[in-house]
Structure formats: structure tokens, C-alpha cells
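Position 1 is the first residue of the sequence; numbering continues from there. Everything quoted here is computed from the prediction, not taken from an experiment. What's counted below: heavy atoms across the whole structure, side chains too, no hydrogens, waters or symmetry copies.
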Amino acid sequence: PLRHVLALLAGCLFLVQPVGALEIALVLSQKGGAHALFAEALAASLAPGGHRLVDGGAAESGLDSEAIARADLVVTGGVAATEAVLRRTDRPTLAVLLSQGQYQVLRRQYPDAALSAIVLDQPPARQLALIAALLPDSRRVGVLFGPDTIGQETAFQIAAAEAGVQMVRESVSSAAQLMPVLERTL
């Protein structure tokens, strides 16, 4: 399911081919996990002869400053990647794999940056509609709440009831808990 969501996100980034193809530098917070899945989905979504995707590095292992400087657009995956890019360049940047709250913090820290984002925390009804579109036969959905999202639980319960799906709720308070909780929930 995560792979499907990341593929859909990547495909939505470049639905329309411009007259001139862009050079896009992809900078990730880390090279593994959801970030790697996003990178694979983004690369697969680009049409041959269209936009050109180049590796701009990773926040955890270093950025390729030359690739970023040449790029028409920098796509960053995660907060660490976005911060690393914004500290080093004024290239137009599209951030993904971050929350609305994280995006707002970055906007305050870098008010003059050419920064846009596709945030993860869409309204509950929209998230459930996406799940229904991807998995139309699903009648049960697992939702993980962390310290920053626990306030959305009631909205998710209402949206799940309206969508006619059973919501299985779990709490995660640290990154180390994520995989065990995901395995138990799914």
C-alpha cells in the first residue's frame, strides 16, 4: 500500500509535459525506506525523452552541489533534504514526504525561498478517498497516529464512518516503533 501511495504521488508531480523538458535534481533525506520507494516511483513516472531526473544526493550522505545548481527544479524528499537544499541554494524547490506543519516551519525559516510542497497530511476524507481509489475492495483501514497527529483521530473516525470503512487505530511515539506497529496493524 505505501508503494502505491508513493507511486501515485510521484506520478502526480509531472502529469503535464512542458514544451521544454526540465532537469530535475532529486535530493532525499536518506537513500533507503520510503525515500527510495519515492525515488523509484518518480523515475518510473517520467516519460522517455521528457524531464531528466538527476541524483542530487542525500542529506545523510552529502549533496551534489553541481547537479543542484544545474537543475531547473529541485525535488526534495523529507525535511532533512529540504533544509539541506534551502541552506545551499535558491533553486526552485518542490518538497514532498513532509507534513503541513513541517512545511510551515520551513516557510518561516526560509521566507524568500522559491519553495512549494505536496504535503502528506491531507484532510482525512481526502486520504480515505485516495485509499478507496487505490484499493476499492478495502473495508478496513489502518491509521497510525503520532504525537503531531493525535488531534486528528476524531476527524479520521468520522471520515471512516462516512466512507463505510472500519478504522483500526494505533499509536506511534518514535521512529523505532513504526515498523512493529505497521506489521501489527496491517
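No donor-acceptor pair closer than 3.5 Å links the side chain of R169 to the backbone N or O of F145. The main-chain N or O of L37 is never found under 3.5 Å from a side-chain atom of E40 such that the two would form a donor-acceptor pair. In terms of modelled atom types and a separation under 3.5 Å, the side chain of H35 and the main chain of L28 share no donor-acceptor contact. Under a 3.5 Å cut-off, the side chain of T93 and the backbone N or O of R91 do form a donor-acceptor pair. Remark: the backbone N or O of A81 is paired with a side-chain donor or acceptor of S29 at under 3.5 angstrom.
Of the N and O atoms on the side chains of R87 and T89, not one donor lies less than 3.5 Å from an acceptor on the other residue.
Rounding to the nearest 0.5 angstrom, the gap separating the OH atom in Y110 from the CD atom in E83 is 5.5 Å. A distance of 12.5 Å separates CZ in R184 from CE in M179, rounded to the nearest 0.5 Å. Note: T76 OG1 to L98 CG = 7.0 Å, rounded to the nearest 0.5 Å. The distance from the CG atom of L73 to the NE2 atom of H51 is 9.0 Å, given to the nearest 0.5 Å. Considering OG of S171 and CG of L144, their distance stands at 9.0 Å, rounded to 0.5 Å.
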What do the steps show when you test Q152 against T149 for side chain to side chain donor-acceptor pair (under 3.5 Å), and what is the final call?
CA-CA 6 Å; Q152 297 179 4; T149 57; 5.7 Å; no

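Of all the heavy atoms in V74 and A71, the pair that sits closest is CG2-CB, 4.4 Å. Closest of all the heavy-atom pairs between M167 and Q157 is CE-CG, 3.4 Å.
Every residue two or more places apart in sequence or in another chain that forms a side chain to side chain contact (heavy atoms under 4.5 Å, CB included) with R126 is listed here: Q122, P123.
For residues 52-66, every residue pair satisfying the side-chain hydrogen bond (donor to acceptor under 3.5 Å, both in side chains) rule, not counting sequence neighbours, is listed here: E23-R52, K31-D55.
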